[in-house]
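Position 1 is the first residue of the sequence, and the numbers go up from there. Reckoned from all heavy atoms, side chains included, excluding hydrogens, waters and symmetry mates.
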Amino acid sequence: MATRAFRVGITGKIGSGKSTLSEVFRSHGITVLDADTIAKDVMQNDEALKAQLTILLGNETYLDSSLNKAFVADKIFHDPSLKDKVEGLVHPVTLRAIEKEFAKAKQGEVVALESAILFQTGLDEIFDMIVLVSASDTDVIVWLTAKEKFSEEDIRSRLQTQEYDDIGAEDADLVVKNDTSLDEFRKRCELTLQLVKISAMQNLPNEPLRTVFDNGAGKSGG
């Protein structure tokens, strides 16, 4: 059995309440990484990746060595096929960076990663457990429009892009429903944390538990 930390993935659609669950985890001393932050960091600082993105998108991809986010977003918007190509370059580098961060955690610790598109990018295979925060599109639209950060049209577009209609709760190990008051939802997050801690109290194999169980299921079914 390997001596390593217990890896938890936190996922769910935009505005579902992932950040609240992550906040509860952090308040109990658990390191919660953010996949978007790591991806932006590698796009900004990994020289090999920067060169590849510049070849793919053009010389305006970086201005004064800084990622030209508006240019990249515009290129992807007008040529959707570029989105898959960009992700194909960024995701492997991001995964390596995530693995390095995971490696810093000690035996017996819990370390988590928050990502809205964890299943969609295939990152689910690197975890021992995945927690899905579930909320209805209607609630998400109400909550996010109230914050005045996004228009309803933008929210609906992001929800469609994240493709959560095609991903059921059966893909996650734990599901936290966000369909009540904030105080009650936080209580559910606290309970979820306790379940995670109980699950982490075991000897772990070298491979992530989800990979071990998936492989076992695949073999028996074949």
Within a radius of less than 6.0 Å around NZ of Lys50, do more than 12 heavy atoms belonging to other residues, nucleotides or ligands occur?
yes
For the residue pair Val110 and Val196, establish whether any side-chain heavy-atom pair is separated by less than 4.5 Å.
yes
Looking at Lys104 and Glu101, is there a salt bridge between them, counting it only when a charged N and a carboxylate O are closer than 4.0 Å?
yes
NZ of Lys69: more than 12 outside heavy atoms within 6.0 angstrom?
no
Nearest heavy atoms of Gln202 and Phe6, plus distance in Å:
NE2-CE1, 4.2 Å
Side-chain ion pair, Lys75 and Glu60, N-O less than 4.0 Å
no
Using the rule that two of Ile, Leu, Val, Met, Phe, Trp, Tyr join whenever any of their side-chain heavy atoms come within less than 4.5 Å, decide whether Leu193 and Leu195 are in one cluster.
yes
Under 4.5 Å between any side-chain heavy atoms of Leu21 and Val131, yes or no?
yes
Around atom CD of Gln194, are there more than 12 heavy atoms from other residues, nucleotides or ligands closer than 6.0 Å?
yes
Does Asp128 come within less than 4.0 Å of Arg4, counting only side-chain N to carboxylate O?
yes
Is there a donor-acceptor pair closer than 3.5 Å between any side-chain N or O of Arg26 and the backbone N or O of Thr31?
no
Give a yes or no answer on whether the side chain of Ser27 reaches the backbone of Val24 with a donor-acceptor pair at less than 3.5 Å.
yes
Looking only at non-hydrogen atoms, find the nearest pair between Ser16 and Val133 and report the distance.
O-CG1, 3.4 Å
Flag side-chain contact, heavy atom, 4.5 Å: Thr61 against Asn68
no
Could you walk me through whether Lys83 and Glu87 pass salt bridge (Lys or Arg N to Asp or Glu O under 4.0 Å), step by step?
CA-CA 6 Å; Lys83 179 176 181 290; Glu87 290 177 349; 2.7 Å; yes
Nearest-0.5 Å distance that lies between atom CZ in Arg7 and atom CD1 in Ile130:
12.0 Å
Heavy atoms, side chains only, cut-off 4.5 Å: are Leu144 and Ile14 in contact?
yes
Do Leu57 and Val72 come within less than 4.5 Å of each other through their side chains, counting heavy atoms only?
yes
Below 4.0 angstrom, N of the basic side chain to O of the carboxylate: do Lys13 and Asp137 qualify?
yes
Check whether any side-chain heavy atom of Phe102 sits under 4.5 Å from a side-chain heavy atom of Leu33, and report yes or no.
yes
State plainly whether the residues Arg156 and Glu152 are in salt-bridge range, i.e. N to O under 4.0 Å.
yes
Would you indicate whether the side-chain heavy atoms of Phe119 and Thr11 approach each other to under 4.5 Å?
yes
Joint hydrophobic cluster, Ile10 plus Trp143, side-chain heavy atoms closer than 4.5 Å:
no
N/O donor-acceptor pair under 3.5 Å between Asp46 side chain and Ala48 backbone:
yes
Using a 4.5 Å cut-off on heavy atoms from C-beta on, say whether the side chain of Glu109 contacts that of Ile30.
no
Applying the side-chain hydrogen bond (donor to acceptor under 3.5 Å, both in side chains) criterion to Arg188, which one of Thr20, Thr180, Asp179 satisfies it?
Asp179
